[in-house]
Amino acid sequence: MKWSQTLIPTLKESPSEAEIDSHKLMIRAGLIRRITAGAYAYLPLGTLVLNKVIDIVREEMNRAGAIEVFLPALQPLDLLEESGRLNIFGDDLITFKDRHGKTTALGPTHEEIITDIVRNEINSYRQLPITLYQIQTKFRDETRPRFGVLRSKEFIMKDAYSFDVAYEGLNKSYKSMYDAYCRIFDRCGLDYIVVEADSGAMGGDVSHEFMVPSPVGEDVLIRCMKCGYSANRERAEAAPIPREDHATLQAPKEVLTPDKHTIQEVSNFLKVQSNQMVKTMIFISNGQPVAVLLRGDHEVNETKLAKALGQDAIALADHSTIENVTGARVGFAGPMGLKIKIIADQAVTVLCNFVTGANKSDTHLLNVNNERDFKIDRIADIRYVTKGDKCPKCNAEIDISQGIEIGHVFKLGTKYSDALKAKFLDTNGKEKSMIMGCYGIGVNRIIASLIERSHDENGIIWPLSLAPYKVIIIPVNANDAATMEVANHIYDDLTNIAGIEVLLDDRDQRPGVKFKDADLIGIPIKIVIGKKYTETKELEIKLRKSGETFLAPPEQIQSKIKHLFDMLSKP
RNA sequence: CGGGGCGUAGCGCAGUUUGGCUAGCGCGCCUGCCUUGGGAGCAGGAGGUCGGAGGUUCAAAUCCUCUCGCCCCGACCA
């Protein structure tokens, strides 16, 4: 491609709409333009990269034996109702009324659609297993789209769905997708880690997230650098905290704490560390109030709590319930004297002589002790892991960092096949629910997170595999006939004979502009035709990433470039 | 949805506090000259409903009311 014939609108200055590096660079390098909040146009360069990613994803899906389909973005609401997810998606679902007054949704994901197809078309174990996938635009009305294509309302997803006759089969399908994901992200040149994850609204029990470590990531990763344990914040287990030396149990003592409601306020007021305090929260579980005890500096993990209570979801009690249960204003609840079930985080059980609410307005208690002063009905891990916690597997210090989620695989089990009655007859003629898995990759996020990890002050640094053009030819003086003749000759050579994707910067610009733009758009290999060529008849080849330069006469350029490709494709 | 910020030429911004002639600057764009190894120089030029609507005023980018849009923090997020 000749630069003058395509559209690569580079910008010198950072656009005011962008905050993070990848977003700024995608705009400055002319990959994307924002059309409205959470929706982006891909310009020619961005489209080339997008297609590179899609090609890799498609190749590896096919290699893994998945079968490509293409499902509609338009979805009827009744299927979502049938699976019970209409409410779960809630306002995230983008819907509209058609001319007949029928409400239709723009698909946020496609479990229901694929399950509908499979239940109609597959009835026998003989047709299983099968994994179907598609690459398609998804729509979600994010409350707050941000960071360019990292969180947008419209995005491209590769979603795959596996159907098996039994759990052993699911495990195989899952492993096969997992491995394919590793190959995809490796080929894209991404540094990523895999973490255990909670399956959230997707349902199912086993799931793994593929994360690109990055401070702009919106997910929190808990990792052990010693044994390799890794999980996201929702999922990460808290290692039990050992009991300290037994202090002598002191007698409980009431203290006035007027208007001190929060742990922080009480901690400051009484000059007691928050980790020597216990907070008591009242939740509603299965219609009944339950007291939830946590160490003052810990935070409740509602997912874990709900699981511990055997519920799908739980919620904090409202103020009047709290006042009824505790007999005090909100902010003064404590375990002593409570008549309801008490569930406590493990960390609470090793404390002694702690501070907690007195179930009496404006009053707290000192020197409260478990067992002596109150009884815990249930001890569980119901909190988020926090700094200072130990690895649940090997007890080493854990590391807390952030990451961008680029892929997520789930073992769904029968959640959707039960709800939508996707059944098959087994070898004994017995009807069974299909065992499902689902697997997603955020295609746009691959691009953004790659840039986030691979750029410098001059611009993007593409790996060979995603580069929109692998080589850029820069004739230093586009007005010099001899220079342009060589440039065109090499361009033809590489493009037409060697089949390499080359960009020829034929613009009548000063060299500085061309060099800056070439670096900004991140083309891996530059071929410069200028003064050196007129002197020595050798072309200069410069690598974007390392800055290394090589010299080669025009007739050797093809083999030299191919040699560099080999070098650059090695990790 | 709560909090904060912004909206003036394609992009980045000044001007708004304290209303006042024809609304400026840099980059980019067009023409010409000149220049050609890291975002050159000179000269000339095009480009604006000052987000929109209404109001106050002799006079509004500037003050008031309403409204739309965008960004950031938080809440939320298969």
Side-chain angles (χ1 to χ4, degrees), chain A residues 7 9-20 23-24 27-28 30 33-39 80 83 85 88-93 107-112 138-148 150-153 155 157-161 197-204 207-209 216-220 232-234 302-303 404-405 407-410 412 415-416 437-442 445 457-459 474-480 483-484 505 507-520 526-535 539-540 542 547 549:
Chain A
L7 177 64
T10 57
L11 300 175
K12 265 193 202 173
E13 285 171 293
S14 269
S16 62
E17 75 189 57
E19 202 72 14
I20 65 170
H23 190 191
K24 285 180 189 166
I27 295 169
R28 283 191 56 209
R33 288 292 183 265
R34 195 197 68 229
I35 299 304
T36 182
L80 288 166
S83 72
R85 284 212 295 181
I88 292 177
F89 282 119
D91 288 339
D92 280 359
L93 201 63
T109 171
H110 282 76
E111 280 74 18
E112 286 81 1
K138 304 284 191 247
F139 298 87
R140 293 181 192 178
D141 192 2
E142 295 286 347
T143 44
R144 190 178 155 214
R146 65 183 126 180
F147 300 151
L150 272 184
R151 178 165 298 281
S152 51
K153 292 193 183 190
F155 58 98
M157 180 191 258
K158 185 289 300 173
D159 45 325
Y161 308 90
D198 193 84
S199 40
M202 293 301 296
S207 103
H208 287 90
E209 283 176 340
V216 304
E218 298 181 85
D219 294 84
V220 177
N232 72 9
R233 183 166 180 261
E234 288 299 315
E302 293 197 14
T303 309
I404 301 165
E405 180 188 357
H408 202 157
V409 292
F410 302 83
L412 293 173
K415 176 178 159 119
Y416 297 93
C438 75
Y439 317 91
I441 288 182
R445 278 186 180 177
E457 65 282 2
N458 291 317
I474 302 181
V476 167
N477 183 354
N479 286 324
D480 182 66
T483 303
M484 283 314 288
D505 192 348
R507 295 175 300 171
D508 181 16
Q509 289 284 2
R510 290 177 58 85
V513 173
K514 297 188 185 188
F515 288 129
K516 287 287 183 189
D517 271 347
D519 286 348
L520 177 60
K526 279 193 281 285
I527 300 177
V528 183
I529 307 167
K531 213 184 311 177
K532 278 202 192 84
Y533 180 74
T534 43
E535 285 164 6
L539 299 164
E540 182 183 330
K542 188 166 185 182
T549 58

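For clarity, every value in this text was computed on a predicted model and none was experimentally measured. Residue numbers begin at 1 in each chain, while the letters A, B, ... track the order of the sequences.
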Tell me which nucleotide among [options] gets nearest to the side chain of [X].
| X | options | value |
| --- | --- | --- |
| A/K531 | B/G37, B/C70, B/G39 | B/G37 |
| A/R151 | B/C77, B/G39, B/C70 | B/C77 |
| A/S16 | B/U36, B/G39, B/C13 | B/C13 |
| A/N477 | B/U36, B/C77, B/G38 | B/U36 |
| A/V513 | B/C71, B/U36, B/G39 | B/G39 |
| A/F515 | B/G26, B/G37, B/C72 | B/G37 |

Would you find a donor on one side and an acceptor on the other, under 3.5 Å apart, between the side chain of [X] and the backbone of [Y]?
| X | Y | result |
| --- | --- | --- |
| A/K158 | A/Y439 | yes |
| A/R146 | A/R151 | no |
| A/K153 | A/A37 | no |

Presence of donor-acceptor pair under 3.5 Å, side chain of [X] and base of [N]:
| X | N | value |
| --- | --- | --- |
| A/Q509 | B/G39 | no |
| A/R28 | B/G39 | yes |
| A/D517 | B/G39 | yes |

For [N], does OP1 or OP2 lie under 4.0 Å from any side-chain N or O of [X]?
| X | N | result |
| --- | --- | --- |
| A/R146 | B/C73 | yes |
| A/R33 | B/G10 | no |
| A/K12 | B/C11 | no |
| A/T143 | B/C77 | no |

Legend entry - Sole candidate of A/R28, A/R507, A/K12 that passes salt bridge (charged side-chain N to carboxylate O under 4.0 Å, His left out) when paired with A/D517: A/R507
Inset, instruction - Measure the CD-OH distance between A/E112 and A/Y161 for me, rounded to the nearest 0.5 Å. - result: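 Here the rounded value is 8.5 Å.
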Legend entry - Rounded distance (nearest 0.5 Å) linking atom NE2 of A/H23 with atom CZ of A/R34: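 CZ of A/R34 is found 7.5 Å from NE2 of A/H23.
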Counting the atoms with a prime plus P, OP1 and OP2 as sugar-phosphate, which does [X] contact under 4.0 Å by heavy atoms, base, sugar-phosphate, or nothing?
| X | result |
| --- | --- |
| A/K542 | base |
| A/F147 | sugar-phosphate |
| A/P9 | nothing |
| A/N479 | base |
| A/K138 | nothing |

Inset, instruction - Tell which nucleotide pairs with B/A53, taking only Watson-Crick or G-U wobble pairs whose two distances are both under 3.5 angstrom. - result: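 Answer to the pairing question: B/U65, which forms a Watson-Crick or G-U pair with B/A53.
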Inset, instruction - Scan every strand shown for a Watson-Crick or G-U wobble partner of B/G74, both distances under 3.5 Å, and answer none if you come up empty. - result: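 Pair assignment: B/G74 / B/C1.
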Expressed as a whole number of Å, how far does the [atom1] atom of [N] sit from that of [M]?
| N | M | atom1 | answer |
| --- | --- | --- | --- |
| B/G5 | B/C77 | P | 28 Å |
| B/G15 | B/U62 | P | 15 Å |
| B/C71 | B/G28 | C1' | 24 Å |
| B/U36 | B/G52 | C1' | 48 Å |

Legend entry - Nearest-nucleotide comparison on RNA chain B, the residue closer to the 5′ end among A/P15 and A/P511: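 With A/P15 and A/P511 compared, the 5'-side residue is A/P15.
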Inset, instruction - Return the 5'-most residue of the pair A/V476, A/T36 with respect to RNA chain B, ranking by each residue's nearest nucleotide. - result: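 The residue closer to the strand's 5' end, by nearest nucleotide, is A/V476.
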